[in-house]
Amino acid sequence: MDTNIKAYIEKNKDRFLNELFELLRIPSVSADPAYKNDVLKTADAVKNSLIAAGADKVEVCKTACYPIVYGEKIIDEKLPTVLVYGHYDVQPADPIELWTSGPFEPVIKDGKIYARGACDDKGQMFMHVKAFELMMQTNTLPCNIKFMIEGEEEVGSNNLATFVKQNKAKLKADVILISDTGIIANDTPSITVGLRGLAYMEVEITGPNRDLHSGLYGGAVANPINILCEMIAKMKDDKDHITIPGFYDDVEILSAEERAEMAKAPFSLDEYKKALDLSDIHGEEGYTTNERNSIRPTLDVNGIWGGYQGEGAKTVIASKAYAKISMRLVPNQNSDTITKLFTDYFLSIAPKSVKVKVTPHHGGEPVVTPSSTAAYKAASKAMDATFGKKPIPVRSGGSIPIVAMFKSELGLDTVLMGFGLDSDAIHSPNEHYGVFNYLKGIETIPYFYKYYAELSK
Ligand code: BES
Ligand code: MN
Ligand code: MN
């Protein structure tokens, strides 16, 4: 099998890259309605790639917004079924001027594929299509496969949640397999065993009913921008603890042993700082950097605006100020509960001199995936086979909200076998994905199926 896989990849790698490039050229930005036709085009391209790879019953399933591409290969009802999830939508490319080549004109530089979606998630999703093709062509597919590739992950997966609830029979499987996360380094494989949840809020502060001359009124009326900043400042104390009453009530406390185990993962604070040009790190007192960005919840302002932002100086007190504030959640926090706690607290700290509106955006629940299952062991053995090293289980700080729903709605555990690197600049300008990582993924996935079939017997 070993030589089969390697030989097939070696023979087809240029085509594997070119086919991914075709997908990367379509700007499937789900957040911006201007790209609607491109998002739909991408769904069709994914559909065609599944058909070409050998899937049956391939369909583009309509939803209230962007479609979900489904396809399957059932070889024997008695064999285990793996449901592969991925997303074909991407984040907006802006700020576009910071890209060194066009975000939708993929190129390889220094062994890396540069394009929006190269890693998140077109590149990683497409590894599964190519690994499936490889298994079909080499007659080595040992399990049933179902694919479910959605187009709204980057905007909250609202319609996928409905689709999952309404298609439980169609999605019947034994495990979910996803490549939409990362590894520690190319010589240090890891498997993600936890994802944070999310509660995302937008706030609007209104002071006077119109913009005012800051000389005539300044000092005598509430400036909504000043007030908003004061309110945001009140949401954390000097130890960087979040001050929302009840915020930590449900937070799972890890044992000293679990934290010691986590601390074994290789990590260099110096390299971390250097990579981000930071002279110092920052975060909640009492926790390490890796703990702060995985097992601890956060509150971050994602955007803040209001008042004059044009050239030169304008002396004005704005009528309104706005911010987008997100909270990453950890087990056993709940996004609805946190949304309510945030809203109550935010309203309670507002002075009478302003009006406050809080609007929740999408949310998602945190998850921890088990590392004792046959599927986890299969992924671990697969990575061991191709990296020559046993992968380390790590909790990630990112979110894939649908994973918690796979468990609650379908009763299925997920294996998060991703191949990206933190340095791949996902969601940032110059997103990239290593050719090494892309091909390593295609090589590793067939081993997952082989070991999963063996371990499920
Ligand atoms: N693939 C990412 C999540 C991710 C990346 C998890 C790396 C772990 C490691 C996913 O596409 C993403 O960006 N999710 C969003 C949440 C969503 C609701 C917009 C996120 O984490 O911000
Ligand atoms: Mn993703
Ligand atoms: Mn993403």
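We number each residue from 1, following the sequence as shown.
- Thr386 and Thr444 share a side-chain donor-acceptor pair at under 3.5 Å.
- Note that CG of Leu410 and NZ of Lys165 are 11.0 Å apart. Values are rounded to the nearest 0.5 Å.
- Looking only at atom types and distance, the side chain of Asn12 has a donor-acceptor partner in the side chain of Arg15 under 3.5 Å away.
- With 3.5 Å as the limit, one finds a donor-acceptor pair spanning the side chains of Asn437 and Asn186.
- Nearest heavy atom pair, residue Thr339 against residue Ala199, reads OG1-CB, 3.9 Å.
- Side-chain contact check for Ile75 versus Lys73: some heavy-atom pair is nearer than 4.5 Å.
- The closest donor-acceptor contact from the side chain of Glu431 to the backbone of Ser428 lies at 3.5 Å or more, if one exists at all.
- Within a 6.0 Å radius of NZ in Lys172, no more than 12 heavy atoms belonging to other residues, nucleotides or ligands are found.
- Contact check for Val394 versus Ser294: no side-chain heavy atoms found under the 4.5 Å cut-off.
- In this structure, Lys377 contributes its side chain and Ser372 its backbone to a donor-acceptor pair below 3.5 Å.
- Between the Thr192 side chain and the Thr181 main chain, no donor and acceptor come within less than 3.5 Å of each other.
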Between Asn332 and Glu252, is the side chain to side chain donor-acceptor pair (under 3.5 Å) condition met? List the steps. CA-CA 6 Å; Asn332 300 302; Glu252 173 200 38; 5.6 Å; no
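- Heavy atoms only, all atoms of each residue included: Pro142 and Thr140 are closest at CD-O, 2.9 Å.
- Contact of the Tyr287 side chain with the Arg259 side chain is registered, since non-hydrogen atoms from C-beta on lie closer than 4.5 Å.
- Between Phe132 and Phe147, the gap from one ring centroid to the other is short of 6.0 Å.
- Around atom CG of Asp384, more than 12 heavy atoms belonging to other residues, nucleotides or ligands sit under 6.0 Å away.
- Put simply, the side chain of Gln333 gets close to the backbone of Val330: a donor and an acceptor are under 3.5 Å apart.
- Using a 4.5 Å cut-off on side-chain heavy atoms (C-beta onward), Tyr272 and Leu276 make contact.
- Considering only heavy atoms from C-beta on, Lys47 stays 4.5 Å or farther from Tyr88 through its side chain.
- A donor-acceptor pair shorter than 3.5 Å can be found between the side chains of Glu150 and Ser157.
- Leu421 approaches Ala185 most closely through the heavy-atom pair CD2-CA, 3.8 Å.
- Between Glu454 and Lys450 there is a salt bridge, since at least one side-chain N of the basic residue sits less than 4.0 Å from a carboxylate O of the acidic one.
- For the pair Met417 and Ala379, the tightest heavy-atom approach, listed with the atom from each and the gap, is SD-CB, 3.8 Å.
- Side-chain N or O atoms of Asp94 include none that pairs as donor or acceptor with a backbone N or O of Ile96 at under 3.5 Å.
- Taking all atoms of both residues into account, the shortest heavy-atom contact from Tyr66 to Ser30 is CE1-O, 3.9 Å.
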Step by step, work out the side chain to side chain contact (heavy atoms under 4.5 Å, CB included) result for Lys407 and Thr414. CA-CA 8 Å; Lys407 185 70 186 175; Thr414 294; over 6 Å; no
Show your reasoning for whether side chain to side chain donor-acceptor pair (under 3.5 Å) applies to Thr100 and Lys109. CA-CA 11 Å; Thr100 54; Lys109 286 179 274 190; 2.9 Å; yes
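- Between the CD1 atom in Ile145 and the CG atom in Leu50 there is a gap of 9.5 Å [rounded to 0.5 Å].
- In this model, a donor atom of one side chain and an acceptor atom of the other lie less than 3.5 Å apart for Ser335 and Glu365.
- Under the side-chain contact (heavy atoms from CB on, under 4.5 Å) criterion, Tyr322 pairs with Glu204, Trp305, Lys320, not counting sequence neighbours.
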Does the pair Arg328 and Ser399 meet the rule for a side chain to side chain contact (heavy atoms under 4.5 Å, CB included), with working shown? CA-CA 8 Å; Arg328 295 278 171 176; Ser399 308; 2.6 Å; yes
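- Remark: the Gln124 side chain and the Asp180 side chain contain no N/O donor-acceptor pair separated by less than 3.5 Å.
- For Lys273, the NZ atom sits in a packed shell: over 12 heavy atoms of surrounding residues, nucleotides or ligands are nearer than 6.0 Å.
- Side-chain contact between Val69 and Glu59 is absent, with no heavy-atom pair separated by less than 4.5 Å.
- Relative orientation of the Phe419 and Phe387 rings is parallel, given thresholds of 30° and 60° on the angle between their planes.
- Taking the six-membered ring where the residue is Trp, Tyr452 and Phe448 present parallel rings, their angle staying beneath 30° rather than reaching 60°.
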Using the side chain to side chain donor-acceptor pair (under 3.5 Å) rule, take Ser326 and Asn302 through it: C-alpha gap first, then chi angles, then the decisive distance, then the call. CA-CA 7 Å; Ser326 69; Asn302 298 95; 2.9 Å; yes
Could you go through Thr42 and Lys122, starting from their C-alpha distance and side-chain angles, then the distance that decides it, and tell me whether this counts as side chain to side chain donor-acceptor pair (under 3.5 Å)? CA-CA 10 Å; Thr42 311; Lys122 284 174 176 167; 4.7 Å; no
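- Atom NZ of Lys168 has more than 12 heavy atoms from other residues, nucleotides or ligands within 6.0 Å.
- The ring of Phe16 has its center no closer than 6.0 angstrom to the ring center of Tyr438.
- Within the 4.5 Å cutoff, no side-chain heavy atoms of Val367 are placed close to those of Phe406.
- Interatomic distance, SG of Cys143 versus OH of Tyr449, reported as 7.5 Å (0.5 Å rounding).
- Arg25 has its side chain out of reach of Phe104: every pair of non-hydrogen atoms, C-beta onward, lies at least 4.5 Å apart.
- Leu24 pairs in a side-chain contact (heavy atoms from CB on, under 4.5 Å) with only one of the listed residues (Val107, Ile113, Val90), which is Ile113.
- Legend: residues meeting side-chain contact (heavy atoms from CB on, under 4.5 Å) with Tyr248, ordered by chain and number and at least two apart, are His241, Ile242, Val251, Glu284, Arg296, Pro297.
- Judged by distance alone, with hydrogens and angles left aside, the side-chain atoms of Asn159 form no donor-acceptor pair with the main-chain N or O of Pro67 at under 3.5 Å.
- Annotation for Asp110: atom CG does not count as buried by contact number, only 12 or fewer foreign heavy atoms lying within 6.0 Å.
- Checked by atom type and distance alone, the side chain of Lys324 never pairs as donor or acceptor with a backbone atom of Val301 at under 3.5 Å.
- The minimum heavy-atom distance between Asp121 and Gly86, with the atom names listed, is OD2-CA, 3.4 Å.
- With Tyr433 as the aromatic partner, Lys112 does not meet the cation-pi criteria of under 6.0 angstrom to the ring centre and within 45 degrees of the ring axis.
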